[in-house]
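See below for the structure under consideration.
Note that the coordinates shown come from a computational prediction; the quantities given were computed from them, not determined experimentally. Order of the sequence lines sets the chain letters (A, B, ...), proteins ahead of strands, with each chain counted from 1.
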Protein chains: 2
Amino acid sequence: MSVPLYEAKAELFRLLGHPVRIRVLELLQDGPTSVRELLAAIEVEPTGLSQHLAVLRRSSMVTAQREGNTMVYALAGGRVAELLRAARVLLTEKLTGQNELLSELLADEANSGVS
Amino acid sequence: MSVPLYEAKAELFRLLGHPVRIRVLELLQDGPTSVRELLAAIEVEPTGLSQHLAVLRRSSMVTAQREGNTMVYALAGGRVAELLRAARVLLTEKLTGQNELLSELLADEANSGVS
DNA sequence: ATCGTAATTGCGAAAATGCGCAATTGCATT
DNA sequence: AATGCAATTGCGCATTTTCGCAATTACGAT
């Protein structure tokens with residue numbers, strides 16, 4: 001293969017690695033959405049949103065379609081949603097883990113009277 | 001929550017978005033691995049590997065443990081592997097899709113004689 | 001044909017990322 | 001304590017990424 005798989009993976013993750021792009025993909029999970037709706041939902045300048053949408057388009061993660069005067073974007077495939085779900089699982093697990101650790105630390109502290 | 005979940009997601013993906021780091025995580029899936037082994041497997045300078053390992057450590061994706069004179073790294077949790085698997089599925093699907101498209105285009109070309 | 005709204009693109013400045021060198025730390029051996 | 005190996009850190013430089021402004025394209029309405 002001309003491009004090693006791990007390079008492609010890294011690129012995929014890199015493209016996902018921006019808050020606005022994540023936000024867009026999350027919103028598109030609820031169905032096709034116009035740029036105006038995205039703009040209303042995501043705190044970002046129109047020009048910035050366009051650039052991020054272009055990134056997602058170039059990597060074929062979303063599709064764009066004209067509808068009269070407005071552009072409607074949609075997820076290109078269901079697999080992206082799986083990635084987002086996996087990330088959410090990992091993060092929630094990590095956060096609850098931290099909370100548990102914090103609880104334990106606080107309990108220990110209370111017991112031993114560490115300053 | 002002080003940090004929105006989508007920010008955390010973006011950060012997670014951003015941290016995964018480098019070939020060396022992907023490579024490290026893939027190697028660690030086969031079990032704990034010393035830095036020397038990683039160096040032998042990954043074409044990268046020692047200093048560069050250290051920096052990428054530091055990134056993975058800071059984000060708690062891997063754990064480091066001294067073993068005599070060498071450092072042994074391991075995956076911090078099983079969830080990272082799920083993310084990598086999801087990415088692989090997405091990419092293979094995308095690549096086979098492209099191949100199918102290419103085949104169709106070639107077939108059409110042969111039929112219509114497009115130059 | 002002109003105007004107005006929607007969305008995108010080009011471009012330069014600012015910020016973040018990655019890289020390699022030199023210096024440092026940690027541990028084992030002598 | 002001095003030497004050697006393993007790994008990391010500090011730091012400057014080059015590259016990449018991101019952002020906002022101005023200009024442009026695309027379409028519908030007048």
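- Side-chain atoms of B:Thr47 and base atoms of D:dT9 include a donor and an acceptor less than 3.5 Å apart.
- Across all strands, B:Ser50 comes closer than 4.0 Å to base atoms (heavy-atom distances).
- One atom, NE2 of B:His52, and another, P of D:dT8, lie 12 Å apart when rounded to the nearest Å.
- Salt bridge status for A:Glu26 with A:Arg23: present, with a side-chain N to carboxylate O gap under 4.0 Å.
- A:Glu45 has its CD atom 15 Å from the P atom of C:dA6, to the nearest Å.
- Side-chain nitrogen and oxygen atoms of A:Arg66 include none within less than 4.0 Å of the OP1 or OP2 phosphate oxygen of C:dT8.
- Of the side-chain N and O atoms in A:Tyr73, one or more sit less than 4.0 angstrom from OP1 or OP2 of C:dT8.
- In this structure, the CD atom of B:Gln51 is 10 Å from the C1' atom of D:dG10, given to the nearest Å.
- Within the structure, a side-chain polar atom (N or O) of A:Arg14 is placed less than 4.0 Å from OP1 or OP2 of D:dT17.
- As rounded to whole Å, 5 Å separates atom P of D:dT9 from atom CZ of B:Arg57.
- Regarding A:Glu37, its CD atom lies at a distance of 10 Å from the P atom of C:dA7, rounded to whole Å.
- Residues B:Lys9 and A:Ala87 come closest through the heavy atom pair CG-CB, 4.1 Å.
- B:Glu7 places no side-chain N or O within donor-acceptor distance of the main-chain N or O of B:Pro4, the cut-off being under 3.5 Å.
- For A:Asn69 and A:Val55, each mapped to the nucleotide of DNA chain D holding its nearest heavy atom, the one lying further toward the 5' end belongs to A:Val55.
- Counting to the nearest Å, the P atom of C:dC19 and the CZ atom of B:Arg21 are 9 Å from each other.
- Going from atom CG of A:Leu49 over to atom P of D:dT18 covers 14 Å, rounded to whole Å.
- Proximity of a side-chain donor or acceptor of A:Thr33 to a complementary backbone N or O of A:Gly31 within less than 3.5 Å is detected.
- C:dA16 atom P lies 18 Å from atom NE2 of B:His18, rounded to whole Å.
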